[in-house]
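Note sheet for the following structure.
Not measured: the values here are computed from a predicted model.
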Amino acid sequence: MVKKKVKGKSNKEEKEEDRAECNYCGADYAADSKYCGTSTLWSHVEKKCRKCPFSDWVEQNKKQTMITQFTKKTLDYEVNSSGTTTMKFSQSKVRELISKYFIIDELPFRHIEGKGFRLLVTQFFPNFDFPSRFTIARDIYQLFLEEKKKLRNEFVNRRLSLTTGCWTSIQNISYMCPTAHWIDDNWKMQKRIISFIQVLSHKGDMVAKELISCLNHWWITQLFSITVDNASSNDVALRKVKEYLSEKQNALVLGGEMFHMRSCAHILNLFVSDGLKEMSYVISSIRNAVRYVRSSPARLKRFKEACKDVNVESKALLCLDVVTRWNSTYMMLEAALKFKKAFRYLEGDANYTKYFEEERFSGSLYVTSNLFFQEILEVQIELNDMKSSTDELMSKMAGSMQLKFDKYWGNVEKINLLQYIASILDPRFKLDVVHNGFRCLYDPIRAKKMIKKVENMMTTLYAFYKGIVMPPSSSNDQQASESVTSNASGSSSSSSFLIKRRLISSEVTSNDLDDYYADRKEKLVEDTNFYILDWWQRNGNKYPIVSHIARDVLAVQMSTIASESAFQPEDGFSIHLEALCLQRWSRL
């Protein structure tokens, strides 16, 4: 409200009068509290104001082109020398962008009705007609359907590898999250969560039923492998899935001989956990101490004061482990070790001692498949060193871990050979990795047996892919060949050269596995990043059949961690679209 001087009825006298100004365009109207109402100002805002985003005048001119100033940095296309470009407002495009914004930032649908959000959007798009929360929910679901259609098209004639895992939430609700993995035509690793399923139980029959339903839903017809953890129910589930796929033509590789992949990360967690049992009392004590410090803000403040008193300086914070994850236990111990003096300082605190004694007795961008075998060799070397240690506790721990290690990787009959074939397809190692690795892991007899077994599997796999990549010649090809042969009978030197060239080319193509073995290996340089998919992208044409094997084998996951990362942020939004849509609908 402002006061302005205006002329009276005699045009000679001036007096001050209350006037109201429009916040958008600055137009002023009489606003005397005794004689004037608000209808005039409301009429101006609704019908006459050209700057108010809610004015009828703006609504009637929505289709007009807006002249907007942009800098070259903010545009993906070139502008003229004056820096001015023409942009036509699109209601549908803005709604699409808002839908993606809701998905990426995981916002509730009611956010569209927030005043702050509307003020912000209005600043950039004054003509935007805001949808309701129900409309934005439908937009997001429509976006999901479009992304789903694109993904289905991507799966056509594509051999995939899956990972899946079951877990139970704190509400005792069981979930399963199948995730598809493949290497695209540009040799880029791709990962998509294709379903987020609530299951009634973790039994094998139920898991198999949901997996088969998921495959049918996405029209997936070709699988290389499925990676699961080592629960016995998964053996039943994958056997049933394998039987189902065996009825379909070309659905499995070599009849599913390498279909079942056991999660190596899960196995590693099992045998490390067995080793940690030897010092479970110590770990439990440290866990209780950390739990005490983190149980309330007051205790955390007291702990920080103790750190200052004993001159402990560290930016790291105490973290509580997840009992089923040995790596989190390691991080908890590593962090707690830095605050050893501070914990001793707390021993004089009666609450700390009481809490500690009461609790004491109550109780995943990345590792690729080609690196697995080398990592296992390093683990075995570490175990050998621990077993020969003079420390009795360390030696005992190593013995427990070795038993679990041998249970999963000591029986040569039960090992999925894909774990070793992936290492062979690393051009830095090739066959040397299995020759030297097996001699390190096993006795000479078992090592020789495993080397022969892996080599035979590689040859068999090569023959299978050769039948896919280079199918038998059709009748037309045979006729063309006969035509070339008949022309060559005229003793034409050029025709003879073409025939020889064709025969040599065919021979080279049919033996590119031998060529791959015989060619020089890439140098193994320490502290140098080597991107195996980039190498195969550059050299795939030299080994046409082996490159097809590499594309499928290197996409196989050695761990089910990929499925467990469903709740972690990802690059892009489409891979979580289905799960997010389900969550958003439940909030309406």
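Residues I226 and Q557 are not in side-chain contact: their nearest non-hydrogen atoms beyond the backbone lie 4.5 Å or more apart. Contact annotation: the side chain of M189 approaches that of L533 to within less than 4.5 Å [non-hydrogen atoms, C-beta and beyond].
Under a 3.5 Å cut-off, the side chain of S395 and the backbone N or O of K387 do form a donor-acceptor pair. S174 contributes no side-chain N or O that, together with a main-chain N or O of S201, makes up a donor-acceptor pair within less than 3.5 Å. Between the side chain of Y543 and the backbone N or O of H548, no donor-acceptor pair lies under 3.5 Å. Between the side chain of S389 and the main chain of D385, no donor-acceptor pair closer than 3.5 Å is present. At distances below 3.5 Å, at least one donor-acceptor pair connects side-chain atoms of Q537 with backbone N or O atoms of N186.
With respect to R428 and D426, a salt bridge is recorded, a charged nitrogen being found less than 4.0 Å from a carboxylate O. Salt-bridge formation is detected for the pair K150/E147: a Lys NZ or Arg NE/NH1/NH2 atom is positioned less than 4.0 Å from an Asp or Glu carboxylate oxygen. The pair D229-R262 fails the salt-bridge criterion, with no side-chain N (NZ, NE, NH1 or NH2) lying under 4.0 Å from an Asp/Glu carboxylate O.
The cationic group of R551 lies under 6.0 Å from the six-membered ring centre of W187 and within 45° of the ring axis, placing it in a cation-pi geometry. Taking the ring axis of Y517 as reference, the NZ or CZ atom of K430 does not stay both within 45° of it and closer than 6.0 Å to the ring centre.
Taking every heavy atom of both residues into account, S161 and A555 meet most closely at CB-O, 4.0 Å. The two residues F155 and A180 come nearest to each other via the heavy atoms CZ-CB, 4.1 Å. Across all their heavy atoms, K188 and D534 have their closest contact at NZ-OD1, 3.9 Å.
Each salt bridge (Lys or Arg N to Asp or Glu O under 4.0 Å) pair with one or both residues in residues 165-187, not counting sequence neighbours, appears once here: R158-D185.
With T460 as reference, L254 is the one residue of L417, V253, L254 to meet the side-chain contact (heavy atoms from CB on, under 4.5 Å) rule.
Enclosure of atom CE in M394 is not indicated, since only 12 or fewer non-hydrogen atoms of other residues, nucleotides or ligands lie within 6.0 angstrom.
Aromatic ring orientation, F102 versus F109: parallel (interplanar angle below 30°, classes split at 30° and 60°).
Judged as a ring pair (Phe, Tyr, Trp, His ring centres under 6.0 Å), and not counting sequence neighbours, the contacts of Y175 are F196.
Side-chain polar atoms of H217 and K148 form a donor-acceptor pair below 3.5 angstrom.
Between F117 and Y101, the ring centre distance stays below 6.0 Å.
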H260/S225 under side-chain hydrogen bond (donor to acceptor under 3.5 Å, both in side chains): CA gap, chis, key distance, verdict = CA-CA 6 Å; H260 186 177; S225 70; over 6 Å; no
